[in-house]
Amino acid sequence: MSTYKPGEFEDKWEKVYSEKKTFEPGVDTKKKKFFITVPVPYPDGRLHLGHLYTWTRADVYARFMRMKGFNVLWPQSWHFTGGPMMGMSIRLKNKDPVAISIMQKAGVSPSEMEKFTDPLEMGLYFSKTFKNDMQKAGMSIDWRREFILSYTPHYSKFVEWQLRKLKDKGLIVQGNHPVVWCPREDTPLGDHDRAEGEGESPMLFSIIKFKHDDIVLPVATLRPETVFGATNLWVNKQISYRIIQIRGEKWIVSQEFAKKAEYQFKDIKDQGEFDIGSLLGKNAVNPVNGEELPILNADFVDKDVNTGLVMSVPMHAPFDYFYWEKIKTESPELYRKPKKVIDVSGHESLIEEAVKKAGGQANGLKEATRFVYKKETNDGILNSNSGELSGLAVKQGKEKAIDILKGLSAYDSFYEVSGKVVCRCGSRGLVKLVENQWFIRYSDKELKEKAIAYIEKMNIFPPEAKAQVINSIYNMEDKAMARRGGQGTPLPWNKDWIVEPLSDSTIYMAFYTISHIIKDIDVKEVNDELFDYVFFGVDTKKKPSKKMEDMRREFEYWYPVNLRVTAKDLLTNHLIFFILNHVALFPEDKWPRGLGVNGWLIINDIKMAKSKGNALTISESVEEHGADAVRLIAAASNGIDDVKWSLSDISAAKQRFEVMMDAVEILNDIDNKKSEIDRFLMSRMNYMIKAAEENYSEMKFRNAVFSSFFEGIDNLKFYLDAGGRDEETLRKYINGMVRLIHPVFPFITEEINKKLGGKNLLEESGWPDAGSYKQDEVIENEVSALKSTMEDISKLIKITEKKPSKIVIGIAGKELFDVYNSVVEAAKKTQNPKEIRGVLKTSGEFVEKLLKNPNRIPKNGLDRETEIKLFEELKGYIKRLFGAEIEIKESDDEKAAPGRPKIDLL
RNA sequence: GCAGGGGUAGCGAAGCGGUCAAACGCGUAAGGCUUAGGACCUUAUGGCUUAGGCCUUCGAGGGUUCAAAUCCCUCCUCCUGCACCA
């Protein structure tokens, strides 16, 4: 018995690969090329099995393509900017105990950790550990081409070149842009910087300027079209109000709004406190119709939301309705019947309905508001109470109302966060209107159309992801591509702005083709002329240098990217920018050809995690189980779903390695001795090769490993158990199997291949040829007949509670086989019983029995001679399993059917 | 709101017009091995059935077909993403 020792020969094969430079391919025009990439990670901690999932999938594909004879390039680099990395660095600077403990667990010494207050140092440290772990796990990466985005100076030149090209094409524009902002840290407040309010975003509100004398009372609303239905204004006595000067007007607003407004309006002057009580009971003028509306108190008015003044439209807003009805009893002299301005057919009294359902509870009223808003927005028509808006659908009415208000100089707008946002620093997030932000114009219609038409032609695995990509592009808006401060490449035309990390990493795969050459060129000589020559073939003023020619050749040979492998979190952002930038900048033959998208790998082995104190790192896993076994993660899923992964699967792999190793040992002791099951094993390999080919090419690695490895081992075990001992067959089978599973298990397969007399699987490019393994449907069917007969025997033994000393297996007569095969033949064209009967020359009980379940008629027939021979050959095998003498004979018993012999237990 | 993907045994998950009571894995039960535990091996795991059989299921309802988990329609329900952030 062989024992699989993890790691026994991994170093040896790593050395072979590195000496032969197997993973450092050059331009070889004799071979077809394949260029595969995985997006740059932001190294802010140790690589773990969950991350490795994506890289392993890429590696499996890369090795598969090498086996198929392609010249495969797979480089890898890093990105050192990005919020999470900066965040970790800042947290370490602040001596955050959680952050420190994460670093300790990652094995970082205190002296190293001190340096991490510079995110660059952290990136350098962890990218080294990433690289080391990837190497240990057998990633076939060309490390000569490694560089660091936003840090390698040559790359920054490349980004500048790219941006100038985009700008030349009119794809970069400037504009104002609302951003959720932390006022204390004075930075944008991204989702991961938030203690509360993930996913909340800026929302544009209309401001309608009501007036009291010369004072403006600005109310914020999402529903300006209801302004004709206003009965009053609400303010809240418990809120502090201030008077501010804005655009030459005096506005009364909440203290909070006065602060927030500074982030969205220019030239605001705070003119001090305002006693809101002085306005209560006074009137405000509705700009659209001059109606005088009372200003009243209501405690639902929130100081943190908008201006602190609310327009009350009882018939269309549940809160207003609820409080307005109270006025009826509290101050009947002020009450008047509210006007309904929107009709929804089928809902005569929508508001009463909604409020009744809410039961007067604040939560219920919120729910009711949502209900009314939805109903009226979708199905509402503005009625004759709403002046010039009457007859319009609510959506159109909204636009018209805004126009009318603008015409009356009574309109403004304000961005408010869609929900409460709190920064990690504790202060409340607000919306800042960033002025003159730079955008990439992804909204460009022509660009979108070109991209979408092209994506239809791309290979996207799994295919469901394609619809998502297309839809994301369809909905694409302009993307803010720069930020003030931080790390990265400054905008070439305005150094105050830094290109943000998703926008400087859209076409860097092109840089991989030249990164190992350009690094030896003085960065001062790296300019747009160089890049234009290398990437576009534009003539240079002087004759291009040798290095430049080399780069041009590399780019022309390797580009485009054939496959980009990534987890699904990048699907609707980075991958979209990746495609759109290629479409914008390069000719179509340089656009990416394929995407492979996977879900998350969830390591769910809690016990293991507990005993180890933390999630398993790559080096620990590889040391314990061996790189090959760990790489089984590649087979976790076929698609984009998240997968729970249990480490116990790993030992299942190890055991099967040993079965293969045993089979190789046996080869020394056996000769050539063919029998029926040899036909079976060869036929299985024929099927396995075809299945593997299809599954690997579509990145269905779960299926690939299943059919080539787990089933492959099962076949092998069956063959050996059944007494198969033909050296040629066995050798040929193992030889095929080793090739099929090499992409997933590179080291053990190289080792076994060597034992079989091979040299180096990747060098041999030895993807097996299905044609050299004979497909044989008859033997496949007869073996399953044998297997099901054995199942039947054990079933019978159980039912009869008899321990037979002899089992007689009666094979059906020739006539039945003929009938059976003719039914099978007829069923190839149709499985409709009526039609089969029409085609058949014979009829009778046996035919009717078969036709009772037409869908169970197999695709291929049976052969009586083979059946007899097979059962005779495997007599010993059957005997061993049941501990009884076996006799095979012919039988004319009615129970004996082709593929289903009569069984007698004696 | 917009978009994408689901609902199959105790659980995870395959199947996507016809050998489907439903692969495979986990869990559970019995047995073997073992000083014991773990690991491993065998068997069972919808219901009924003392001869290899029968019956009923794939979120709900309806339709197309000789044949539907698979195709079409309606409904219920769950998950994911929505940008200056990787």
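Note on naming: letters A, B, ... go to the chains in the order of the sequence lines (proteins, then strands), and numbering restarts at 1 for each one.
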The criterion is side-chain hydrogen bond (donor to acceptor under 3.5 Å, both in side chains); which residues satisfy it with A:Asn695, sequence neighbours excluded? none
At 4.0 Å (heavy atoms only), tell me whether A:Gln437 reaches a base, stays on the sugar-phosphate, or touches nothing. nothing
For B:rC16 and B:rG81, measure between their P atoms and round to the nearest Å. 29 Å
Check every atom of B:rG12, B:rG52, B:rA83 against the side chain of A:Arg702 and return the nucleotide holding the closest atom. B:rG12
Any salt bridge (Lys or Arg N to Asp or Glu O under 4.0 Å) pairs touching residues 699-708 of chain A, not counting sequence neighbours? A:Glu698-A:Lys700
Which residues pass the salt bridge (charged side-chain N to carboxylate O under 4.0 Å, His left out) test with A:Glu200, sequence neighbours left out? none
With A:Lys717 via salt bridge (charged side-chain N to carboxylate O under 4.0 Å, His left out) - residues at least two apart: none
Quick check for you: among B:rA3, B:rG53, B:rC85, whose closest atom lies nearest to any side-chain atom of A:Arg900? B:rG53
Modelled atom types, side-chain donor and acceptor of A:His177 and A:Asp478, under 3.5 Å: no
Which sits closer to the 5' end of RNA chain B, A:Arg194 or A:Lys700, going by the nucleotide each is nearest to? A:Lys700
For nucleotides B:rU56 and B:rA22, find the distance between their P atoms and express it as a whole number of Å. 15 Å
Looking at B:rU19, B:rA83, B:rG52, which one has an atom nearest to any side-chain atom of A:Ile903? B:rG52
Strand RNA chain B in bracket notation, Watson-Crick/G-U under 3.5 Å with | for pairs to another chain: ((((((((.[[[..)..(.....]]]((((((.......))))))(((....)))...[[[[[..)....]]]]])))))))....
I'd like the P distance from B:rC66 over to B:rA29, given in whole Å. 49 Å
Options B:rG5, B:rG52, B:rA83, nucleotide nearest the side-chain atoms of A:Lys902: B:rG52
Hey, does A:Met85 reach any base, or is it just sugar-phosphate, or nothing, if we go heavy atoms under 4.0 Å? nothing
Output the rounded distance in Å from CG (A:Asn471) to C1' (B:rU80). 14 Å
Residue pair A:Phe706 / A:Glu711, side-chain heavy-atom distance below 4.5 Å: yes
Partners meeting ring-ring contact (aromatic ring centres under 6.0 Å, His included) with A:Tyr53 (sequence neighbours left out): none
Taking any heavy-atom pair under 4.0 Å as a contact, classify A:Leu502: base, sugar-phosphate, or nothing. base
